There are 2 protein chains.
Amino acid sequence: MRKMVDALRENQYRITPQRLAILKVLAESKGHPSVESIYEQVQTRFPTTSLATIYKNVAVLRDLDQLLELGFSDDSNRYDGNKPYDHPHVVCTVCRKILDPDISALADMTQELTRETGFTITRHRLDFFGVCPECQARR
Amino acid sequence: MRKMVDALRENQYRITPQRLAILKVLAESKGHPSVESIYEQVQTRFPTTSLATIYKNVAVLRDLDQLLELGFSDDSNRYDGNKPYDHPHVVCTVCRKILDPDISALADMTQELTRETGFTITRHRLDFFGVCPECQARR
DNA sequence: TATTTGTTGATAATCATTTTCCATAAAAAA
DNA sequence: TTTTTTATGGAAAATGATTATCAACAAATA
């Protein structure tokens, strides 16, 4: 949250109430909200907020590396403002919940890949898909 | 190729020249072609082939688990008819080339995740992004 | 061969998300 | 305060890969 505000300031972006509200939603969200979800939460404080504003600000934060954008192939984007760097996810295919599991082995993999393939690896994406315990119980 | 034909037969799909041409492109492609790329290759043999036909057949093969569909968040789909099961990829962000690196540790990860999170993991997706040696040299 | 059923090809329609537009409002600078 | 610059809101438009449509065609079946 503080870091995000600083990043905005450093880049001459103005600190507006809407921006603060968006930052707050992102900082307080322990999940991985969608644009729509951020929109709904911001609207509880600022009922006139526009979807366009959310999109514009999410893009700004993403470009400032303050936000990890998780794009899925079905055009559903989700955001993580608490860990704005690549990390693995476990996605429930029923309720769309997303968790951050602890997996350490990835750094090693990247190094090994660089050696094996000659690629300069800059990013990665590791997602596991399945059904969460809650959704399993609901059957 | 043989396996794909069998799968089609077993499911009462007819073996048409266009289908065979698509299968051939998929089987012979060592890369990860896009629909557009399959289309272009099939057209060299069947100039009147329609894009719709490619889409329909790719969907059939995907549903028969004969084809791995790699959807990226920018709406670019790529296909692998040689290894129609989840496996890691290294993607060059410049030329869009895709390689299959050897990474074994994934099965263990899935097991560990099941234990940790209670999820029933059915699929995964591991992509590394970077620049391939050829594109690095071209700078 | 005649009949039935599945497939193709060409084009139009779709779809939801994301962008664009611009007048208004608000923040920073002078 | 006044001026300048940037952000917002509301609606409309774009986006563009994929899907639907359907007449014409081809493969399987009787």
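Proteins come first, then strands; the chains are lettered A, B, ... in the order of their sequence lines, and each starts at number 1. Since the model is a prediction, treat every value here as computed from it, not as a measurement.
In terms of phosphate contacts, A:Tyr55 brings no side-chain nitrogen or oxygen within less than 4.0 Å of OP1 or OP2 of C:dT19. Taking 4.0 angstrom as the limit, B:Gln12 places none of its side-chain polar atoms (N or O) nearer than this to OP1 or OP2 of C:dT5. Between C:dT18 and A:Asn77, a contact under 4.0 Å exists linking OP1 or OP2 to a side-chain N or O. Between B:Asn57 and C:dT7 there is no side-chain N or O to OP1 or OP2 distance below 4.0 Å. Between B:Thr53 and C:dG9, a side-chain N or O to OP1/OP2 separation shorter than 4.0 Å is present.
Atom C1' of nucleotide D:dA11 and atom CD1 of A:Ile54 are separated by 16 Å, given to the nearest angstrom. Regarding A:Leu8, its CG atom lies at a distance of 12 Å from the P atom of C:dA28, rounded to whole Å. Counting to the nearest Å, the P atom of C:dA29 and the CZ atom of A:Arg9 are 11 Å from each other. The distance from atom OH of B:Tyr79 to atom P of D:dA17 is 12 Å, rounded to the nearest whole Å. Distance OH (B:Tyr39) to C1' (D:dT18): 14 Å, rounded to an integer number of Å. Across the protein-nucleic acid pair, B:Phe72 atom CZ and D:dG16 atom C1' stand 18 Å apart, rounded to whole Å. Nucleotide C:dT18 holds its C1' atom 9 Å from the CG atom of A:Leu51, rounded to whole Å. Atoms CZ (A:Phe46) and P (C:dA25) sit 17 Å apart, rounded to a whole Å.
When the nearest nucleotides of DNA chain D are assigned to B:Ile15 and A:Ile22 by heavy-atom distance, the more 5′-ward of the two goes with A:Ile22. Remark on DNA chain C: of its neighbouring residues A:Arg62 and B:Pro17, the 5'-side contact belongs to B:Pro17, judged by nearest-heavy-atom nucleotide. Comparing B:Val35 and A:Thr49 by the nucleotide of DNA chain D that holds the closest heavy atom to each, the one mapping nearer the 5' end is A:Thr49.
Residue B:Thr48 is in sugar-phosphate contact alone, with no base atom involved, counting any heavy-atom pair closer than 4.0 Å across all strands shown. Counting any heavy atom pair closer than 4.0 Å across all strands shown, B:Asp74 reaches no nucleic acid atom. Counting any heavy atom pair closer than 4.0 Å across all strands shown, B:Ser76 reaches no nucleic acid atom.
With a 4.5 Å cut-off on side-chain heavy atoms, B:Gln41 and B:Ile22 do not count as touching. A heavy-atom distance below 4.5 Å is not found between the side chains of B:Phe129 and A:His124.
A donor N or O paired with an acceptor N or O is found under 3.5 Å between the base of C:dT5 and the side-chain atoms of B:Arg14. Checked by distance alone, A:Thr16 brings no side-chain donor or acceptor within 3.5 Å of a matching partner on the base of C:dA26. B:Lys56 contributes a side-chain N or O that forms a donor-acceptor pair with the base of C:dG9 under 3.5 Å.
The OG1 atom of B:Thr53 sits 11.5 Å away from the CZ atom of B:Phe46 when rounded to the nearest 0.5 Å. One distance of note links CG of B:Leu20 with CE of B:Met4; it measures 11.5 Å at 0.5 Å rounding.
Out of D:dA11, D:dA20, C:dT18, the shortest distance to the side chain of A:Ala52 is found at D:dA11. Here C:dT7 is the nucleotide among C:dT7, D:dG9, C:dT18 with the atom lying nearest to any side-chain atom of B:Tyr13.
The neighbour count for A:Asp102 CG, taken as heavy atoms of other residues, nucleotides or ligands under 6.0 Å away, does not exceed 12.
Judged by the 6.0 Å distance and 45° axis criteria, A:Arg125 is positioned over the aromatic ring of A:Phe72.
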